[in-house]
Every structure is written in C-alpha cells, then in structure tokens.
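Residue numbers begin at 1 in each chain, while the letters A, B, ... track the order of the sequences.
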2 protein chains.
Amino acid sequence: MAATIKDVARLAGVSQSSVCRALARPDQVRPDTRERVERAARDLGYYPNRAARGLITGRTANIGVVLPDLANPFFPSVVKAIQTQARRFDYAVFLSDTDEDPAIEVPLIRALAKQVDGFLLCSPRSGEEELRAFAGQIPIVVLNRRITPFPSVTADSADGMRQAIGHLHALGHRRVAYVAGPRASWSNRDRLRGLRSATGAYDMELIEAGNVAPTVDGGAAVADTVAASPATAVIAYNDLVALGLLNRFRARGIAVPGRISVVGFDDILLAGLVSPALTTVAIAKEQIGRTGVELLLDLLADRDPVNRRTPTQLIVRDSTGPLTDQIR
Amino acid sequence: MAATIKDVARLAGVSQSSVCRALARPDQVRPDTRERVERAARDLGYYPNRAARGLITGRTANIGVVLPDLANPFFPSVVKAIQTQARRFDYAVFLSDTDEDPAIEVPLIRALAKQVDGFLLCSPRSGEEELRAFAGQIPIVVLNRRITPFPSVTADSADGMRQAIGHLHALGHRRVAYVAGPRASWSNRDRLRGLRSATGAYDMELIEAGNVAPTVDGGAAVADTVAASPATAVIAYNDLVALGLLNRFRARGIAVPGRISVVGFDDILLAGLVSPALTTVAIAKEQIGRTGVELLLDLLADRDPVNRRTPTQLIVRDSTGPLTDQIR
DNA sequence: CAATATTCTGGAAACGATTCCAGACTGGCC
DNA sequence: GGCCAGTCTGGAATCGTTTCCAGAATATTG
C-alpha cells in the first residue's frame, strides 16, 4: 500500500542503496540523482518505515514511558515535557499506564523493550530487585525514585519539606501531621524522610497518619483521623490527597486555615484553583521530564549520566495561616 | 544482546520455524518440541521483537494516539481509557501531543504511520481536507470530531446543552452567555450549535463571547467581558475556561451563583473540587476512549464501524442557582 | 508389512530499510 | 589520450520475524 524504498528506487531509476543515501546523507550522491530521488520520494509520499530501519540500525528512535496512573495530574505534566524534549531529538514516545499495578510493570517493559531504545520509568512501583534485573540489558532512566544503578531524576523533597515546615513554624504551628501515600512509593518514603528531618530541626512534633491511595478519595478518607489528632497543620503526600482533605474539612465545617492548615505537594494545576487555594510544595515537573530525556539520551550515547535532583519550591497560598480557632 | 529466535532455536535444537510455531500455534507442533522450545525461550528470557514481526505480518499491534494538549485534564482521562482497552487486546500505545499546533499533526501521522496499525485522533485541529487525504491510506478513528469518511466518536453536546439550558431556565435565567473555545475546534462549533438550538427552544437570549484558548487563562481573560454583559448565566466551552471565569469572578467579588451562574463542560476532576463546585455537563470520557479503540479494531478487522455518539449528563453542583443579587 | 494419509519439521523467501564492498564512472593531470 | 585518484553507484548481506513449501517422520489402514 504505502510506498517503500523500492518504489522510490524504481521511479527514480536508481538502486535502493542510492535512495537510502540520497535521503540520509545527501552529500554523498550526485546532485542530479539526489534531486530525482527527492522528487520521486515526494511524488510517492514516501516516508521511511522506522521499524524496518530500527531492525538494522538497532536504533528505533522511540522512548518508552511507563507510569502508574495518568489520572494523577502530576504525570501528564511530566509526560508532556518528555514529549516535547523527545520530539526535539526526533524521538517518539510509547506510553504505558500500569494502573498502579506493580505486577504488570516488568512484563510491560519486556514486551516493549525491542520497540524502544530505552525507558523512562516514572515512579515505578516494582521491587528494586526486579528492576535491577534490567541493568545492563535495557537502558533505563528512573524518575521520582532512586534505584542503583540506574540514572535518576528526583525532586529535592527534603528541601521542600524544610521550606514547608519553616513556613508552618513561622506561623506558630508546633504539631504537624503527615498523610502518607502508597507504601510502595519511593517518593512517599523520601518525603517522609525529609519531613522527619525538618520537624527534627525545628523541634516540632510529627504525627503520621496512615498510608492512603494518592487520590482525592484517599485524602478524604483520612481527614477525620487528622482532624481528631492534636495536629494544627497537615502535610499531605501530594496535592490530590490534600484536596481530599480540604474537601472533607469543608464538609465537616472545619476551618482551613483557621482550625488547621493544609500543605500539599506537587503543585498540580488544581492546587491554585480551589478555595482556599492550596499552599503546596511545587515540583519542577517539566524539568523532571526534560532532564529524564536528556539522561536517557546520554545513556544511549554512552555518555555517563549522573543522577539529577530538581529543586522544589514552597508556594504559599491560602490554605496555611496562623491558628485562629484556638480549640486546644 | 537480547535473545533472538535464533538463539532459542539453537538452544532447543530445532529450526527457527519450529520455534515460531511452537510459540504462536502450539497445537501444530509435537508436545515434546513445544516443551523444549518453551523452556529454551524461558531460559533465555526470549521476547519476540514486535517490530520485526510487524514487518512481515503487516500488523504492529500498536495504536497511535494524537491529541492537542495533554495538559488539559480531559485528555489524560481519555488516554487512560484507550490504554486500558488497548491492552486488553494486546495493543500498545504511541502517544503524541501536538501542543495545539495543527501544523505538526499531519507530518506526525505520516512519520508514525508505519509503526502503528491505526490512529486515534483526539480533537484534531487540522483542516478537513488535509486529514481526508489519509482516507483509505491509514486506518483512522476520530474522537471528538466528525470528519467523513472516518468513523468517529463524539459526545452528544446538543443534549448536554439542552440539559444545561433547561436547568438554567428553570432557575429563572433568560440571558445566557457562551464563552467560545478555539475557532479551529470542532467541539466548540458543535457545542455552540447545540447551545443555539437549546436557547432557541427555550426562547432565551444567547450572548456569544469571543474565542479563547481552552485554558484557565483563557477563561480568566474573558471574565470581565462576560460580567459586563447582560447575561445572568454563562456556559463555558469547557471546564478549564469555566474555572478561569470562577477565579476571576471571585477576584472581582462577583458572586457565583448569586450574581451570575457558571456552567462548565467535560466534568474534569477539578470541577467537583473547587468552590463553588462547578455545575458542568459531564462527558463520558472513558467511554469515548474505549469506544474509539473498539471502532479502530473494527476498522482493522474490516468490519465496518459506525459513528458513535456518547451520552452527556448535566451534573448540578453549586455554581448555578437562582439570581439573588438583582442588579438589573 | 506395505501403502497411504497425516502430522511435523526445516529451508528459504519475504518484509523494508541500511551498509559494506567492489566495480563503474568522473575529473584532473601529464 | 592514458592513467590515477577520487567520487558515485549497484548488488548483496543483514536485522528478527513469519510463512510457504516440500520433504521427513509418524500414524493409519487394509
């Protein structure tokens, strides 16, 4: 159906090899053959079959992206940045959403492996050992998680937490709750670690609330527990959870930030739009995606990529403030 | 590096053809060869190269998805549904975000064409003629737009608009504004068409406000114009625009729904989380994605797919109500 | 047990591109 | 004009699969 290199060769009256050269390295053919080939290609609407090319060159010009849940607004932002950067280098993107199911990550990677030059794994949920089995086999860059020996891009959660805690401390808070995300999530552990260190530094009490799904419902589910705790401020695993908290608090008539302050993490689009607008720790989502592509290309070019850490920044909005309802 | 069918053949002591058969049609080989092949494949960690297979079978088991902007929360929902349904039939997904740039759509489709069995074009922005050129060449299903001769899945905007207008009418509104989305957007024209028919049926006045980008900023930009109009209710092209309106209205101290009611379209996750929670016309996003995949598979199997129209449903929340600030 | 029907198997071609190699041109120079 | 160097070109092999075809092995039958 679609034109192949053979058709072009026939129409241009040259051999396949010449067509290939004329299109790939125009300076290696005579101007007139080049012109005839170009015209033939244009006339036939010829586009090379990248899969066939990949077979022989060993380079597919595709990047595989695997992530746990596209419904979490954090990921589309990252993917978009990946896309943009990938296109800049003429790479296309294979996308796979695992639906937070660690069990399908590895088979998925296996199945796609031959169709891509390498993978960007966003917040993979699989065990370290399983993933490590790919080391040396398939070029992999990990985003939002650190797994040796893969190069990775992670956010500086510790600094973000420090900023958040500094802010809350300045507002007079001394007891802060943390609503933890999925236990399998490295980000969750990383954030918690950063938070512990920050509360330690400021000599504040940290109250940990159960692991919840990283969704609005997850946040809503734990809101009552948080409200019943002595915490006067709460930091959520991510913005979705924070929004769930806000929602439930409003439903319960619990004033934010009057009775309790709420801090999110990620700075998704919604964060600034709800009311009270959510104070949150912004992650450089675009930078993570872009840098991920850069590292992967480094890896593919046999340059040795180094782990990168992207900055975080506390965005103070309206969901945090000094206590006004002094109920305890 | 990675194991090929040849390696498996050597290890199992059979020919390539037998390996292929043993794995693809196990009932056509003797049980013992099948077993040896399976073991060899397992031991070597053999996974077939889908690209190579596609070359000969003409079937890549990939679907290409092209959409204008992943940052619009509407699309991730659709993509997620596409993913899920595609995986069910063992298809993988190629994703491309065009950044609302119609100029790159067609080249993108061309470049990817050989790597996928067909495309799902979500809200394509290109001209009809350009896209029609693919008819008969590349299997294409269009989502959120109707372009003959491609099968398409669209939302029943007219019915959604009827519901919205019915709701506003019942609340006492008689003058309603529409904030239009991108001029190039078929959805926008479709929604406007539905709206006109609905306002006509209810004998209401329709005030059309300029075309804006389908984003929060787009909505914010036109809010003052809307407020200055005689409209007592406004329907936005989509939820993002509606949220922009809400935001700006709040900043201006314009009561919603007291002074003006706001209705969105799409029912993205945010809609229910802002306050006032947004009344909006919900679109069956998952169904659109799922159905799109079904139609594409029909097309690929030479079954004749028919256009589908998915239902819409007005979700009444808090951004609509009877007028209370009777300023005019 | 021979003849036939049936099931399995291996060899080779094919898919669409790229690349190596050798041979055919071209030009420059004497 | 003849020779050499350099530039272009075509043929053939190759990537990893699948599939067709013919032949080998096995099973069935009288």
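If you take CD of Gln28(B) and P of dC21(D), they are 15 Å apart, rounded to a whole angstrom. As rounded to whole Å, 13 Å separates atom C1' of dG10(C) from atom CD1 of Ile5(B). Between the CG atom of Asn49(B) and the P atom of dC15(D) there is a distance of 13 Å, given to the nearest Å. In this structure, Leu55(A) places its CG atom 12 Å from P of dT18(D), rounding to the nearest Å. Rounded to whole Å, atom C1' of dT18(D) lies 5 Å from atom CD1 of Ile56(B). If you take CZ of Arg21(B) and C1' of dA12(C), they are 13 Å apart, rounded to a whole angstrom. Residue Arg59(A) contributes atom CZ, which lies 11 Å from atom P of dT19(C) at whole-angstrom precision. Note: CG (Asp27(A)) to C1' (dG6(D)) measures 15 Å, nearest angstrom.
Counting non-hydrogen atoms of other residues, nucleotides and ligands closer than 6.0 Å to CD of Glu35(A) gives a total of 12 or fewer.
With Phe119(B) as the partner, the side chain to side chain contact (heavy atoms under 4.5 Å, CB included) test is satisfied by one option alone out of Leu296(B), Leu112(B), Val141(B): Leu112(B). For the pairing with Gln85(B), the side chain to side chain contact (heavy atoms under 4.5 Å, CB included) check across Val93(B), Val293(B), Ile63(B) returns one residue only, Val293(B).
Contact annotation: Thr4(A) side-chain N/O to dG16(C) OP1/OP2 distance is not under 4.0 Å. For the pair Arg50(A) and dG16(C), the criterion of a side-chain N or O lying under 4.0 Å from OP1 or OP2 is not met. Taking only side-chain nitrogens and oxygens, Thr33(A) comes nearer than 4.0 Å to OP1 or OP2 of dT9(D). When the side-chain nitrogen and oxygen atoms of Tyr46(A) are compared with OP1 and OP2 of dG16(C), none of them lie within a distance under 4.0 Å. Residue Tyr47(B) has no polar side-chain atom (N or O) positioned under 4.0 Å from OP1 or OP2 of dT17(D). At dG10(C), one or more side-chain N or O atoms of Ser18(B) fall inside 4.0 Å of OP1 or OP2 (strictly under the cut-off). OP1 or OP2 of dT19(D) sits under 4.0 Å from a side-chain N or O of Arg25(B). A close approach under 4.0 Å does not occur between any side-chain nitrogen or oxygen of Arg30(A) and OP1 or OP2 of dC8(D).
Both Gln16(A) and Pro31(A) sit near DNA chain D, but only Pro31(A) has its closest nucleotide nearer the 5' end.
Within 4.0 Å of Thr57(A), counting heavy atoms only, lie sugar-phosphate atoms of the nucleic acid but no base atom.
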- Stepwise salt bridge (charged side-chain N to carboxylate O under 4.0 Å, His left out) check, Asp90(B) with Arg50(B): CA-CA 11 Å; Asp90(B) 208 24; Arg50(B) 300 175 125 213; 3.7 Å; yes
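The closest side-chain donor-acceptor pair between Ser15(A) and Ser17(A) falls under 3.5 angstrom.
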